[in-house]
Amino acid sequence: MFAMFSRILKLSGRYKGRIQGAFVCAFLESILSKMPIVLAFVVLSRFAADTLTSQTCLYIGLGLAAVLVQMLVHYLSDSLQSAAGYLMFADKRMELGSHLRKLPMGYFTSGNIGKISSVLSTDMVFIEEVAMSTLGNMMGYLLSSLILLVFMFYLNVQLGLIAAAVTVLAWLVSKGMNKVSLREAAERQEQSERLTDAVLSFVEGIGVIKSYNLLGEKSEELTDNFQRSRNTSLAFEQKMTPWTMSLNILYGIGIAAIFGLSIILEQRGALPLAYVLGVLLFVFDLFGPLKALYGEASRLTVMNAALDRIEVVRNEPELPDT
């Protein structure tokens, strides 16, 4: 996953600062998003200790202004990363166009029109509209999970160890999931290319097709490509579903274990009641960032496959200068 982040940063060129700025905003948002829960924990702990005062409530109310700051940094994060995506791929389209005009004509007559059209209309569009808008969010999810993990260690070392074990196991499962996703994403993008090529071939040759009464044959070929695209997309989701289910089951087991252990520790007097209430506030959101992070990881794998296809076209040998 970090390799994919690094790859898009290298590709971003002069817009790298925008993406890095989005990461900073995502980090701030990940902290601010947990402030209401932290403030609620402070209120509950003070209430349990009978030390809650009106002045404390006033400070808590002022602390809720963090929600407004979170709204601002979320807006900045989305603006920076989305703008970077559109600007970056506007330049990449110009670079690709400059490269294509230097290629030999044989390249365009050997079945590569579908590849070029698919790269321009599918791969680049997916990255700039879908993948780029999630980079900062995914970084925010990662940082949020680390913050929550640290807080669990603060509450109790044993609870923190359970949370850390679940996090490590989720990372191991996600590695297997990403391998499958990378393999299937490449096939998915290849089928998208074949479908684009079939549509273009059908539209370009429709006059000849009708003249020689080949509509049934060519229409069947086009329909088969649509069906293969459907089957490829369904196969992608079917192969990803078991991994997603495994992660969700793992999160559920981790939540149950943490909450159950906190009750046992409170009964033994090893964990104050206020801390148990803090666990109750945090536990159901504890693995939420990890769930969102690995849930969107498939977008990065599709982005990686799309970048590979863009590089293939970009690296086609040009005609020698004359």
Side-chain angles (χ1 to χ4, degrees), residues 1-38 65-92 123-153 163-164 167-168 170-172 174-175 177-178 181-182 185 247 251 282 285-308 310-311:
M1 185 177 297
F2 288 106
M4 298 178 196
F5 280 123
S6 177
R7 184 176 186 183
I8 199 66
L9 283 174
K10 290 179 181 178
L11 187 70
S12 60
R14 57 178 174 159
Y15 303 112
K16 181 187 294 185
R18 290 175 178 265
I19 300 177
Q20 292 172 334
F23 287 167
V24 173
C25 291
F27 172 71
L28 294 175
E29 185 187 0
S30 66
I31 296 175
L32 294 170
S33 65
K34 305 306 174 189
M35 284 301 296
I37 301 179
V38 173
V67 175
L68 298 176
V69 182
Q70 179 191 353
M71 177 184 67
L72 176 62
V73 294
H74 181 80
Y75 170 77
L76 290 174
S77 176
D78 284 348
S79 299
L80 288 170
Q81 64 190 359
S82 296
Y86 287 113
L87 292 170
M88 180 172 67
F89 279 95
D91 291 347
K92 295 302 177 185
D123 296 326
M124 287 189 173
V125 171
F126 176 84
I127 297 174
E128 68 182 354
E129 291 187 356
V130 180
M132 291 299 297
S133 63
T134 63
L135 290 178
N137 296 337
M138 293 182 71
M139 185 62 69
Y141 298 147
L142 180 61
L143 295 171
S144 294
S145 64
L146 293 176
I147 292 171
L148 290 171
L149 184 60
V150 170
F151 187 78
M152 292 306 297
F153 273 103
T167 301
V168 172
W171 173 71
L172 293 174
S174 72
K175 287 186 67 176
M177 182 178 70
N178 286 339
S181 183
L182 281 169
L247 286 171
Y251 300 145
F282 274 89
D285 192 43
L286 178 60
F287 302 114
L290 282 180
K291 183 178 180 180
L293 175 65
Y294 295 133
E296 293 190 0
S298 59
R299 295 185 179 184
L300 285 185
T301 58
V302 175
M303 179 195 75
N304 193 64
L307 288 174
D308 288 340
I310 294 171
E311 289 297 320

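Because the structure is predicted, anything quoted here is derived from the model rather than measured. Numbering starts at 1 and runs along the sequence shown.
Thr167 is not listed as a side-chain neighbour of Trp171, based on a closest heavy-atom distance of 4.5 Å or more.
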(request) May I have the step-by-step check of side chain to side chain contact (heavy atoms under 4.5 Å, CB included) for Leu28 and Leu76, ending in yes or no? (result) CA-CA 11 Å; Leu28 294 175; Leu76 290 174; over 6 Å; no
(message) Between Met35 and Val69, is the side chain to side chain contact (heavy atoms under 4.5 Å, CB included) condition met? List the steps.
(response) CA-CA 11 Å; Met35 284 301 296; Val69 182; over 6 Å; no
(request) Would you check, one step at a time, whether the test side chain to side chain contact (heavy atoms under 4.5 Å, CB included) holds for Phe23 with Ile19? (result) CA-CA 6 Å; Phe23 287 167; Ile19 300 177; 3.8 Å; yes
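When the salt bridge (charged side-chain N to carboxylate O under 4.0 Å, His left out) test is applied to Asp308, the partners found at least two apart in sequence or on another chain are Arg7. Residues passing the side-chain hydrogen bond (donor to acceptor under 3.5 Å, both in side chains) test with Glu128, sequence neighbours excluded: Arg93.
Here the CE atom belonging to Met88 is positioned 11.0 Å from the CD atom belonging to Gln81, to the nearest 0.5 angstrom. The CG atom of Leu307 sits 12.5 Å away from atom NZ of Lys10, with the distance rounded to the nearest 0.5 Å. Separating the CG atom in Asp78 from the SG atom in Cys25 is a distance of 9.5 Å, to the nearest 0.5 Å.
Here the side chain of Ser33 pairs a donor or acceptor atom with the backbone of Glu29 at under 3.5 angstrom.
Other residues, nucleotides and ligands place no more than 12 heavy atoms under 6.0 Å from the OH atom of Tyr75.
Across every non-hydrogen atom of Ala22 and Leu80, the tightest pair is N-CD1, 3.8 Å.
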